[in-house]
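To keep things clear, I will list the structure first and then write my remarks on it.
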Amino acid sequence: MKVKQVSVFLENRKGRLLEALEALKKADINITALSIADTSDFGVLRMITTDPDKTRKILEKSNFVVKENEVIAVAVEDRPGGLADVLKVLNDADLNVEYIYAFVRRSGEKAVVVLRTEDINKGINALKKAGVHLLRAEDVSRL
């Protein structure tokens, strides 16, 4: 139930994000989900793609610093409190959430939440035990 995520470290300068995205476009790699966090000097582009291994190789070849790691993807009811319910499960399991990003394909459908916990295996086990719908990598990349 782990999903591979590709993180790209980008200098905070005009056009650098576009360069990364153009490299993926040329390689015919689709981005399913993404998040960007920035500081004054650099940004971190986190993304789920249709082919994380190819994504890493293409971006490294294009002189980007790239890291792959594992995250958890869950389906959450698109309603007030849906995300809070999932986070309560992790909190009750004494797990810290390092970061999170989400998207909804259509209003009223389930949202997809991507999250990283300090202990990914413990996070997966807690969510499974609570009956939270975990998504496989194939499920996320098909969205």
Side-chain angles (χ1 to χ4, degrees), residues 1-12 16-143:
M1 297 291 184
K2 297 175 187 174
V3 176
K4 275 190 185 180
Q5 172 186 265
V6 178
S7 298
V8 186
F9 298 90
L10 303 169
E11 299 88 2
N12 198 354
R16 193 64 172 147
L17 174 60
L18 178 59
E19 289 173 30
L21 299 180
E22 287 286 346
L24 297 180
K25 177 182 175 181
K26 287 178 187 169
D28 199 33
I29 295 172
N30 191 38
I31 300 168
T32 305
L34 67 80
S35 169
I36 300 176
D38 70 333
T39 67
S40 59
D41 298 325
F42 68 93
V44 179
L45 168 63
R46 293 183 176 108
M47 59 187 156
I48 311 288
T49 68
T50 51
D51 189 336
D53 296 327
K54 185 177 176 184
T55 299
R56 180 184 44 79
K57 290 174 188 169
I58 291 296
L59 292 173
E60 286 175 344
K61 189 175 178 180
S62 299
N63 297 314
F64 288 93
V65 176
V66 182
K67 179 182 172 188
E68 274 185 43
N69 62 353
E70 295 174 323
V71 293
I72 304 168
V74 297
V76 177
E77 292 293 328
D78 183 20
R79 61 167 173 76
L83 180 57
D85 293 344
V86 171
L87 295 181
K88 181 163 181 9
V89 170
L90 297 172
N91 188 66
D92 290 349
D94 198 30
L95 281 166
N96 183 45
V97 176
E98 295 176 355
Y99 57 82
I100 188 171
Y101 52 101
F103 61 96
V104 177
R105 295 286 296 197
R106 291 185 188 102
S107 181
E109 289 186 0
K110 289 192 176 193
V112 175
V113 176
V114 177
L115 53 93
R116 173 88 181 165
T117 59
E118 60 192 349
D119 182 330
I120 194 135
N121 291 321
K122 190 175 175 184
I124 288 170
N125 290 335
L127 292 166
K128 277 184 183 177
K129 187 176 178 181
V132 175
H133 182 197
L134 288 115
L135 300 171
R136 298 169 302 153
E138 304 83 53
D139 299 330
V140 177
S141 64
R142 273 190 251 133
L143 297 174

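Note that the numbering runs from 1 along the sequence shown for the chain. Keep in mind that this is a model prediction, so the values were computed, not measured.
- Closest approach of Ala23 and Leu59 over heavy atoms only: CB-CD2, 4.3 Å.
- In this structure, CD on Glu60 lies 11.0 Å from OG1 on Thr55, to the nearest 0.5 angstrom.
- Taking Lys2 as the reference, Glu70 meet the salt bridge (Lys or Arg N to Asp or Glu O under 4.0 Å) condition, with sequence neighbours excluded.
- In this structure the side chain of Val112 reaches within 4.5 angstrom of the side chain of Leu135, judged on heavy atoms.
- The line from CZ of Phe42 to CG of Leu10 is 10.5 Å long, rounded to the nearest 0.5 Å.
- Rounding to the nearest 0.5 angstrom, the gap separating the CG atom in Leu95 from the CG atom in Leu87 is 11.5 Å.
- Residues in residues 117-132 take part in no salt bridge (Lys or Arg N to Asp or Glu O under 4.0 Å) pair, two or more places apart or across chains.
- In this structure, the separation between NZ on Lys110 and NE2 on His133 is 6.5 Å, given to the nearest 0.5 Å.
- Atoms CZ and OG, from Phe64 and Ser7 in turn, are 14.0 Å apart once rounded to the nearest 0.5 Å.
- For Ala111, the side chain to side chain contact (heavy atoms under 4.5 Å, CB included) criterion is met by Val104, not counting sequence neighbours.
- The backbone N or O of Ile31 sits nowhere less than 3.5 Å from a side-chain atom of Thr49 that would complete a donor-acceptor pair.
- Taking the ring axis of Tyr101 as reference, the NZ or CZ atom of Arg46 does not stay both within 45° of it and closer than 6.0 Å to the ring centre.
- Two residues are said to be in side-chain contact when any heavy atoms from C-beta on lie closer than 4.5 Å; Asn30 and Asp51 fail this criterion.
- The salt bridge (Lys or Arg N to Asp or Glu O under 4.0 Å) test applied to Glu68 returns Lys4, Arg56, not counting sequence neighbours.
- Atom OG1 of Thr32 and atom CG of Asp139 lie 11.0 Å apart (nearest 0.5 Å).
- Between Ala73 and Val3, the closest heavy-atom pair is CB-CG2, 4.0 Å.
- Among residues at least two apart or in separate chains, salt bridge (Lys or Arg N to Asp or Glu O under 4.0 Å) pairs with a member in residues 85-103 are Arg79-Asp85, Lys88-Asp92, Glu98-Arg116.
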- Task: Could you walk me through whether Ile29 and Ile58 pass the side-chain contact (heavy atoms from CB on, under 4.5 Å) test, one step at a time?
- Result: CA-CA 10 Å; Ile29 295 172; Ile58 291 296; 4.2 Å; yes
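- Here the closest non-hydrogen pair linking Ala33 and Phe103 is CB-CE2, 3.4 Å.
- A search for side chain to side chain contact (heavy atoms under 4.5 Å, CB included) contacts involving Val74 returns Ile72, Val76, Val86, Val113, Leu127, Val132, Leu134, not counting sequence neighbours.
- A search for side chain to side chain contact (heavy atoms under 4.5 Å, CB included) contacts involving Val65 returns Phe9, not counting sequence neighbours.
- For residues 16-26, the pairs satisfying side chain to side chain donor-acceptor pair (under 3.5 Å) are Glu11-Arg16, Arg16-Glu19, with sequence neighbours left out.
- Asn91 has its side chain out of reach of Asn96: every pair of non-hydrogen atoms, C-beta onward, lies at least 4.5 Å apart.
- Looking at residues two or more places apart in sequence or on another chain, you find a side chain to side chain contact (heavy atoms under 4.5 Å, CB included) between Ile36 and Leu17, Leu34, Leu45.
- Leu24 is listed as a side-chain neighbour of Met47, based on a closest heavy-atom distance under 4.5 Å.
- Side-chain contact between Asp41 and Asn12 is absent, with no heavy-atom pair separated by less than 4.5 Å.
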